[in-house]
Amino acid sequence: MTHLIFRDIDIIDGTGAPRTRGDVVIRDGRIAEVAPPGSIDSDARVVAVAPGSVLAPGFIDMHAHSDLYLLTHPDHFPKITQGVTTEVIGQDGLSYAPIDEAVLAVVRKQIAGWNGNPADFAFTWRTVGQYLDRLDQGITPNAAYLVPQGTLRMLVVGSDQRVATAAEIDRMCALLAEGFEQGAVGMSSGLTYTPGMYADTSELAALCAVVASYGGFYAPHTRSYGAGALEAYAEMIGLAETTGCALHLTHATMNFGVNRGRAPELLTLIAQARTDGCDITLDTYPYLPGSTTLSALLPSWAMSGGPDAALGRLDDPAERARIAEDVDINGSDGCHGVTVEWETIQISGVGEDALSDVVGRTVAEIAHERGVAPVEVFFDLLRRDQLATTILQHVGHEENVRAIMVDPGHMGGSDGLLVGARPHPRAWGTFPRYLSRYVRELGVLGLEDCVHHLTGRPAARLRLAERGLIRPGYAADIVVFDPATVHDTATFEHPQQQARGIQHVLVNGEFALENGTATGVRAGRALRLDTTKEETR
């Protein structure tokens, strides 16, 4: 194993405490010593660092969509170059474990816009444990997994819009428990995505009771971030209150025109619940637009039965008219209860190369050029791209982003999609953007506080054993960066750009990034919940 020493460097330890100056020795994948400058006599290789650099724990991405990318692109350049050493995957209630052959076919199609759908990729696992074992065969950052509630429902209930029976709920709970026994750290939901959104509160409560029994946490994408957002958050907080389940509000935000300036109302709701004893944290990304699939805008009834059933409805004139009424007049629950503003919907990626000319353009612009209603462009793209189209939604508010960012339970999560020609730049720039725009330029967070948000605090949420801090005995997941120059270069026009100012990244003591260059070393592994100790190995 590598034996290294960083000499006389500023250390930000991940606790939020002021930086110190010192030497840090790395041996056998761990931090062996942390001591005052010049006090360690070591024959370790001295790592050269740029003047003004700081050494900190590696960043933890609390909301990643790298479930396949970790395996198809194991060097994981977009995240390693941001300083990310651990990702939390299995997000938004839909992923690839646990699975069977029939459900795998549906999931691959339904979330192709999130992860791609490579025809030649071998899905050799079926259980959570087998998936984590596959990750252990060679990935660059570490990964922790959330059992996806929507996939559980698809396995047991199917994709139809109906209430689960008591026996079906028991079966979903058993599968969830198996996932925890095999190493999952929590459960996710996507409550604007089918079929997870068909679960009522009592069904979710039964599952959350299982999560609580294992000491994991529940990470819901709530039923709305637009009209009804506060009610949707209140439902999740109610689950935490009634089940004792730790709650992590993923990509917490208040979007669309109806929520401009309303973040303080959400924060008041959360603060009161904490006072009442609820364990609540949250993550955000430091951007205004959101990102999802174009098919997510469909009303929930239109997705009942799964992707093929939805595509069939798009071929039925009567069903198309009904969908058009929901998205343009009534407000689609897939669009958070508001009518779709087509000028805010920008195409970021397509599955079919023949449609590449629409990438980067809004649905409204395409409709104007074609001389048709925007909803007709919507239907056309969904059908021709087989639901694989991804979009940006320009619906956020800066005042809400800043207010939520300073919450005492806040952490960083990119929610980045790594497929498509012009994905959201958060996939490449989230963590440097926190350090540049919201620390150095705007002063919303202090540097040590921000590092705490991105390292020690999420490590505590994940119950990571001996990770997330610069301390002797802890895993050597480390980033070295220049706080004066670090910044994101990814833009909405050119999103796949390497961040600047990140010099070194180590995962389990091995260089993943050295002097700004990816090494190809795959020292990451799956981080499994130890259910006997309620911590993650």
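We're numbering straight along the sequence, starting at 1. Any value given below was found using the heavy atoms of this structure, including those in side chains, with hydrogens, waters and symmetry copies removed.
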Just jot down the ring-ring contact (aromatic ring centres under 6.0 Å, His included) partners of [X], sequence neighbours excluded, or say none.
X: Tyr198; value: none
X: His251; value: His63, His221, Tyr225
X: His368; value: none
X: Phe379; value: none

What pairs with His394 under side chain to side chain donor-acceptor pair (under 3.5 Å), at least two apart in sequence or on another chain?
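Result, side chain to side chain donor-acceptor pair (under 3.5 Å) vs His394: Gln346.
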Residues which pass side chain to side chain donor-acceptor pair (under 3.5 Å) with Thr81, listed by chain and number, not counting sequence neighbours
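Testing Thr81 for side chain to side chain donor-acceptor pair (under 3.5 Å), a comparison that skips the adjacent residues, returns none.
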If you look only at pairs with a residue in [range], which of them pass as a salt bridge (charged side-chain N to carboxylate O under 4.0 Å, His left out), with sequence neighbours excluded?
range: residues 142-153; answer: Arg153-Glu203
range: residues 65-80; answer: Asp61-Lys79, Asp75-Arg522, Lys79-Glu87
range: residues 284-311; answer: Lys109-Asp308

Restricting to pairs with a member in residues 95-117, which pass ring pair (Phe, Tyr, Trp, His ring centres under 6.0 Å), not counting sequence neighbours?
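Checked against ring pair (Phe, Tyr, Trp, His ring centres under 6.0 Å) - neighbours excluded - the pairs reaching residues 95-117 are His65-Trp114, Tyr96-Phe123, Trp114-Tyr193.
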Ring pair (Phe, Tyr, Trp, His ring centres under 6.0 Å) partners of residues 344-363, not counting sequence neighbours, each pair once:
none
So does Asp133 pair up with Arg528, basic N to acidic O under 4.0 Å?
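Salt bridge present between Asp133 and Arg528.
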Is it true that Arg370 and Glu376 have a side-chain N and a carboxylate O under 4.0 angstrom from each other?
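No salt bridge links Arg370 with Glu376.
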Test of understanding: with side chain to side chain contact (heavy atoms under 4.5 Å, CB included), list the residues that count as partners of Arg322, not counting sequence neighbours.
Trp301, Glu319
